[in-house]
J.: 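Let me begin by handing over the structure; questions about it come next.
Letters A, B, ... mirror the listed sequences (proteins, then strands); counts begin at 1.
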Amino acid sequence: AQSVTQLGSHVSVSEGALVLLRCNYSSSVPPYLFWYVQYPNQGLQLLLKYTSAATLVKGINGFEAEFKKSETSFHLTKPSAHMSDAAEYFCAVSVPGSSYKLIFGSGTRLLVRP
Amino acid sequence: NAGVTQTPKFRVLKTGQSMTLLCAQDMNHEYMYWYRQDPGMGLRLIHYSVGEGTTAKGEVPDGYNVSRLKKQNFLLGLESAAPSQTSVYFCASSSSGGYGYTFGSGTRLTVV
């Protein structure tokens with residue numbers, strides 16, 4: 001069975017600092033991996049996705065993530081945090097052939113300090 | 001270009017009451033999903049559908065039923081609401097897993 005672990009339910013950074021949100025996955029077959037962002041009282045918006053092409057994936061709003069098979073990780077980074085990045089971020093895994101069900105991590109809330 | 005539309009956006013139910021949440025998508029997507037979101041638990045899959053007329057159980061199906069009579073609509077029913085079903089419910093659709101999901105804006109349900 002697939003699973004996702006997000007390390008740190010809350011991450012706090014200063015504006016302009018590096019953002020690093022951690023995600024580790026478990027899957028018996030090569031997965032698809034996703035990062036979603038949720039702003040308060042809104043639905044989820046796709047930030048980026050890995051689907052077995054390039055291991056370094058660039059997404060919207062300056063975010064990127066690197067798929068590392070040896071570490072079973074898909075950490076999300078952004079070089080310089082902006083106040084507007086404050087939100088909750090979810091990592092998710094999907095396995096081809098599983099009806100494309102997305103399995104979500106428990107989420108990480110990013111706080112950006114002025 | 002509506003995407004995925006959920007109705008209602010908010011609802012308060014009394015224990016034992018029933019209700020139906022409606023999800024409609026206009027993207028001709030085959031796959032549709034219902035999730036519930038609870039603090040600290042991420043999103044958990046309730047039921048899903050891989051096409052018109054099909055439904056299947058997800059991770060937390062108990063207390064819920066679904067129907068997909070038309071490709072564009074996916075209904076989630078609560079026959080006898082319980083306080084444990086207080087949550088935010090999200091519907092999503094997908095054409096294939098590689099493209100990810102399109103989510104609705106959610107339904108906030110409170111059962112008192």
J.: Report yes or no: does B:His47 contribute a side-chain atom to a donor-acceptor pair with the main-chain N or O of B:Ala56 at less than 3.5 Å?
T.: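 Side chain of B:His47 to backbone of B:Ala56, a donor-acceptor pair under 3.5 Å: yes, one is there.
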J.: Could you tell me which residues in residues 2-14 of chain A have at least one non-hydrogen atom under 4.5 Å from a non-hydrogen atom of chain B, sorted by residue number?
T.: none
J.: Heavy-atom distance under 4.5 Å to chain B: side chain of A:Gln45, backbone, both or neither?
T.: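 Contact with chain B: none, neither part.
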J.: If we count only N and O atoms by modelled type, under 3.5 Å, do the side chains of B:Thr54 and B:Ser49 hold a donor and an acceptor together?
T.: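 Yes, a side-chain donor-acceptor pair sits under 3.5 Å.
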J.: Does anything in residues 61-73 of chain A form a salt bridge (charged side-chain N to carboxylate O under 4.0 Å, His left out)? List the pairs, not counting sequence neighbours.
T.: A:Lys58-A:Glu64
J.: Assigning hydrophobic clusters by single linkage (Ile, Leu, Val, Met, Phe, Trp, Tyr; side-chain heavy-atom cutoff under 4.5 Å), is A:Leu44 placed with B:Val88?
T.: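 Looking at the clustering, B:Val88 is in the same group as A:Leu44.
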J.: Tell me whether B:Phe74 is reachable from B:Val4 by hopping between hydrophobic residues (I, L, V, M, F, W, Y) whose side-chain heavy atoms are closer than 4.5 Å.
T.: no
J.: According to a 4.5 Å side-chain heavy-atom criterion applied to Ile, Leu, Val, Met, Phe, Trp and Tyr, with indirect links allowed, do A:Tyr36 and B:Tyr33 form part of one hydrophobic cluster?
T.: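 Yes, same cluster.
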J.: Side-chain heavy atoms nearer than 4.5 Å, only ILVMFWY residues, links allowed to pass through others: does that put B:Tyr48 and A:Tyr32 together?
T.: yes
J.: Only heavy atoms, only distances under 4.5 angstrom. Which residues in residues 107-114 of chain A are near chain B?
T.: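 The list, in residue order, is empty: none.
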J.: Using the test side chain to side chain donor-acceptor pair (under 3.5 Å), find all partners of B:Asn65 that sit at least two apart in sequence or belong to another chain.
T.: B:Glu79
J.: Under 4.5 Å, counting heavy-atom pairs only, tell me which of B:Glu59, B:Gln6, B:Arg44, B:Met41 racks up the most with chain A.
T.: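 Sorted descending by pairs with chain A, the first entry is B:Met41.
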J.: Considering only heavy atoms, which portion of B:Leu43 lies under 4.5 Å from any heavy atom of chain A: side chain, backbone, both, or neither?
T.: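 Both backbone and side chain.
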J.: Please check if the side chain of B:Thr110 supplies one atom and the backbone of B:Thr86 the other of a donor-acceptor pair under 3.5 Å.
T.: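 No: the side chain of B:Thr110 does not pair with the backbone of B:Thr86.
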J.: Is the number of heavy atoms from other residues, nucleotides or ligands within 6.0 Å of CZ (B:Arg108) greater than 12?
T.: no
J.: Before giving the answer on ring-ring contact (aromatic ring centres under 6.0 Å, His included), spell out for A:Phe63 and A:Tyr89 the whole-Å C-alpha distance, their side-chain angles and the decisive distance to 0.1 Å.
T.: CA-CA 12 Å; A:Phe63 284 94; A:Tyr89 293 80; 5.5 Å; yes
J.: Find the one option among A:Phe90, A:Tyr50, A:Phe104 whose heavy-atom pairs under 4.5 Å with chain B are most numerous.
T.: A:Phe104
